[in-house]
**Student:** 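If you scroll down you'll find the structure; I have some questions about it.
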2 protein chains.
Amino acid sequence: MPEHDNNIPPGAQALFRGLAVIDAVAQGDASLPAIGARIGCTRSTTHRLAAALVQAGYLRSTPNGYLLGARLIELGFKAREQLPLVKLAQPHLERLSQLTQDTIHLGVREGGDVLYIEKLPGTRGLEMRSRVGLRMPLALTGVGKALMLDLDEAAWHALYEEGLARRAGQPGLREQFTPWDAYRVQMREYAAAGSSFDLEENELGVRCVAAPIRDAGGAIVAALSVTGAIPFMPEARLRDLRPEAIACARAISHELGWNQP
Amino acid sequence: MPEHDNNIPPGAQALFRGLAVIDAVAQGDASLPAIGARIGCTRSTTHRLAAALVQAGYLRSTPNGYLLGARLIELGFKAREQLPLVKLAQPHLERLSQLTQDTIHLGVREGGDVLYIEKLPGTRGLEMRSRVGLRMPLALTGVGKALMLDLDEAAWHALYEEGLARRAGQPGLREQFTPWDAYRVQMREYAAAGSSFDLEENELGVRCVAAPIRDAGGAIVAALSVTGAIPFMPEARLRDLRPEAIACARAISHELGWNQP
DNA sequence: TCGGATGTTTCAATATATGAAATATTATCC
DNA sequence: GGATAATATTTCATATATTGAAACATCCGA
């Protein structure tokens, strides 16, 4: 539920309403009344915007409602190509994948979320829910925590709270999530080590090691993770994988022009 | 270069201009003057729309200009999920891929283009330019021709001309493309056989067999192809692959509720 | 240090998007 | 199958949101 900035910028109400229609459809609203209710517009306005979006290929109109259109598929892949990171990181991720046999993720920060921009499935069978194009709260994933390593504690706390709030209402809710005190201690350790873990906090039965990728200026611009189901990820193996993940991330950082330790 | 219907629908000028900004950026325009020139707006208007799109995550603003934003990655993958076809066809395509070792494509019609919605790379090394999210003129590709099989000759001719016109100005232009008379004869044969070929018309050194996929109403809604580089695709093998491609397409059609011969 | 190009903000004028209401279409129920 | 509700689509007067010009700021390369 990517919360569009609710403050509509001046002079772009119609555009924003149009984009809100796309959002509504992306969230599953298929009928005009449903879309209209979500974006707060009358039937005629909603219809006009939706019709325009269909004409532009951003939506398609099926017998049972509106769906996202083919133009978005096209733009989505083009957008991914415009991230030089994906192409550049590919060979490194492949190598890591073959080395570990596990699932590899690559993600970037997008507001308070991590957005996965690449996933190499891994050869151990077991599939996880993650997919390219999926968003997850930063604070609840290994990749997300790696993206947070350079932030200060105030920012950690804010993202932690935001993540927990977002999780409320989710199906797999675990009532007693790591309390903030313990979380902070962990994050400090991760920051010191230059790599984070995720120990089933995000998805039951799934663990991962993650490491940040830095650009020429040293800023964290992405993170990768090695992820696996519990049977393949005992504590010892996680520790062993850590240097591998860090090394791979560093190699990619190097290609981006980062040369510091 | 997906030509948006130039007739803007009434009451959606601002929305359409915003989408035009996205298009311009997708086509490589990075600066406001470039975008403004393409969409025919003043600097202030262009800036306002672009700024709004950045705020919405549809664009991102980098030191050297605008690029497509992360929101589009997200929506692009979601759009693909909303095509039940992809998920449904997956296992069939996998089987075909393993059987043939070649590259498998799945595409749908989008205006006068074919839009690839799935690609299984194949294990023979040789990579081709095609990618998921890419558009190609219908008339110039194997998948495209399979999507055209049910149309009449007038439609074939229109798409043929459109395809040739589009190709003019492309780098790999082959001056003497199959003339219309020969093309028509080929298409008739394809229509009778329920499967099309592409013999290097689209990309030098690449050949494929394609077959249409039909929905419950018998309408062609997609097509798949088995594609390979010339060394692996002698005439004889192409002929042998034809029944395989047809069978696979038919199996998928069956899942869509199509039961006729 | 300058000059040209690009990015950003302001504001009055009006073209444009808006919602109410009327009409057409489709689905649902008895 | 016919009546009824729900949804889709079109029309149109109104006011509001969008527009472009112009002023201002900022960034480059010379």
Side-chain angles (χ1 to χ4, degrees), chain A residues 4-25 27-69 82 216-217, chain B residues 4-69 82 215-217 219 257:
Chain A
H4 263 171
D5 228 318
N6 283 334
N7 318 346
I8 58 176
Q13 187 196 67
L15 174 55
F16 254 52
R17 283 184 167 176
L19 300 182
V21 170
I22 297 178
D23 278 6
V25 173
Q27 284 170 41
D29 294 339
S31 71
L32 285 185
I35 299 170
R38 185 172 320 244
I39 72 173
C41 284
T42 61
R43 265 179 303 163
S44 53
T45 297
T46 308
H47 171 261
R48 193 159 25 77
L49 294 173
L53 288 167
V54 167
Q55 188 181 327
Y58 282 70
L59 296 182
R60 65 203 158 93
S61 174
T62 76
N64 32 237
Y66 291 97
L67 292 175
L68 298 179
Q82 290 192 354
Chain B
H4 262 172
D5 228 318
N6 282 334
N7 319 345
I8 58 175
Q13 189 196 65
L15 173 55
F16 254 52
R17 284 183 166 175
L19 300 183
V21 170
I22 298 178
D23 279 5
V25 173
Q27 284 169 41
D29 294 339
S31 70
L32 284 185
I35 299 169
R38 187 175 315 246
I39 72 172
C41 283
T42 60
R43 265 182 304 161
S44 54
T45 298
T46 308
H47 172 261
R48 192 160 26 79
L49 294 173
L53 288 167
V54 167
Q55 188 180 327
Y58 282 69
L59 297 181
R60 64 205 160 95
S61 175
T62 76
N64 31 237
Y66 291 97
L67 292 174
L68 297 179
Q82 289 192 354
D215 68 8

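Everything numeric in this text was worked out from a predicted model, so none of it was measured. A, B, ... follow the sequence lines: proteins, then strands. Residue 1 opens every chain.
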**Student:** If each of A/T46 and A/P63 is mapped to the nucleotide of DNA chain C with the nearest heavy atom, which maps nearer the 5' terminus, i.e. the 5' end?
**Tutor:**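 This one resolves to A/T46.
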
**Student:** Calculate, to the nearest 0.5 Å, the distance between atoms CG and CD1 belonging to A/D23 and A/I39 respectively.
**Tutor:** 10.0 Å

**Student:** Relative to the 5' end of DNA chain C, which residue comes earlier, B/L15 or B/P33, by the nucleotide with the nearest heavy atom?
**Tutor:**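 The residue whose closest nucleotide sits nearer the 5' end is B/P33.
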
**Student:** Given C/dT8, C/dT9, C/dT18, identify the nucleotide with an atom nearest to the side chain of A/A14.
**Tutor:**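 It is C/dT18.
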
**Student:** How close do A/G18 and B/L15 get, counting heavy atoms only, and between which atoms?
**Tutor:**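 Closest approach of A/G18 to B/L15: CA-CD1, 3.9 Å.
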
**Student:** Please find the pair of heavy atoms, one from A/T42 and one from A/T46, that lie closest to each other, and give the distance.
**Tutor:**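 Nearest heavy atoms, A/T42 then A/T46: O-OG1, 2.8 Å.
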
**Student:** Scan B/R43 against the nucleic acid and name what it touches under 4.0 Å (heavy atoms): base, sugar-phosphate only, or nothing.
**Tutor:**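 Base contact - B/R43 has a heavy atom under 4.0 Å of at least one base atom.
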
**Student:** B/H47 side chain N/O closer than 4.0 Å to the phosphate oxygens (OP1, OP2) of C/dT8?
**Tutor:** yes

**Student:** Do A/T45 and C/dA17 share a donor-acceptor pair, side chain to base, under 3.5 Å?
**Tutor:**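 Donor-acceptor pair under 3.5 Å: no.
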
**Student:** Let me know, please, whether A/A30 or B/R48 comes out on the 5' side of the other along DNA chain D by nearest nucleotide.
**Tutor:** A/A30

**Student:** Using a 4.0 Å heavy-atom cut-off across all strands, classify B/A12 as base, sugar-phosphate, or nothing.
**Tutor:**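 Sugar-phosphate contact only - B/A12 comes under 4.0 Å of backbone atoms but never of a base.
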
**Student:** With a cut-off of 3.5 Å and sequence neighbours excluded, list every side-chain donor-acceptor pair involving residues 28-35 of chain A.
**Tutor:**
from	atom 1	to	atom 2	distance (Å)
A/D29	OD1	A/R38	NH2	3.0
A/D29	OD2	A/R38	NE	2.5
A/D29	OD2	A/R38	NH2	3.0
A/S31	OG	A/A34	N	3.3

**Student:** Does B/L68 offer a backbone N or O that forms a donor-acceptor pair with the side chain of B/R60 under 3.5 Å?
**Tutor:** yes

**Student:** Can you see which heavy atom on A/A56 is nearest to which on B/L19, and at what distance?
**Tutor:** CB-CD1, 3.7 Å

**Student:** Whole Å only: how far is the CD atom of B/Q13 from the C1' atom of C/dT14?
**Tutor:**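 My rounded result for the distance is 12 Å.
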
**Student:** Using the heavy-atom set of chain A and a strict 4.0 Å cut-off, write down the first and last nucleotide of DNA chain D that makes it in, 5' to 3'.
**Tutor:**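 The contact span of chain A on DNA chain D goes from D/dT7 to D/dT18.
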
**Student:** Provide, to the nearest angstrom, the distance between the CG atom belonging to B/L49 and the C1' atom belonging to C/dT8.
**Tutor:** 14 Å

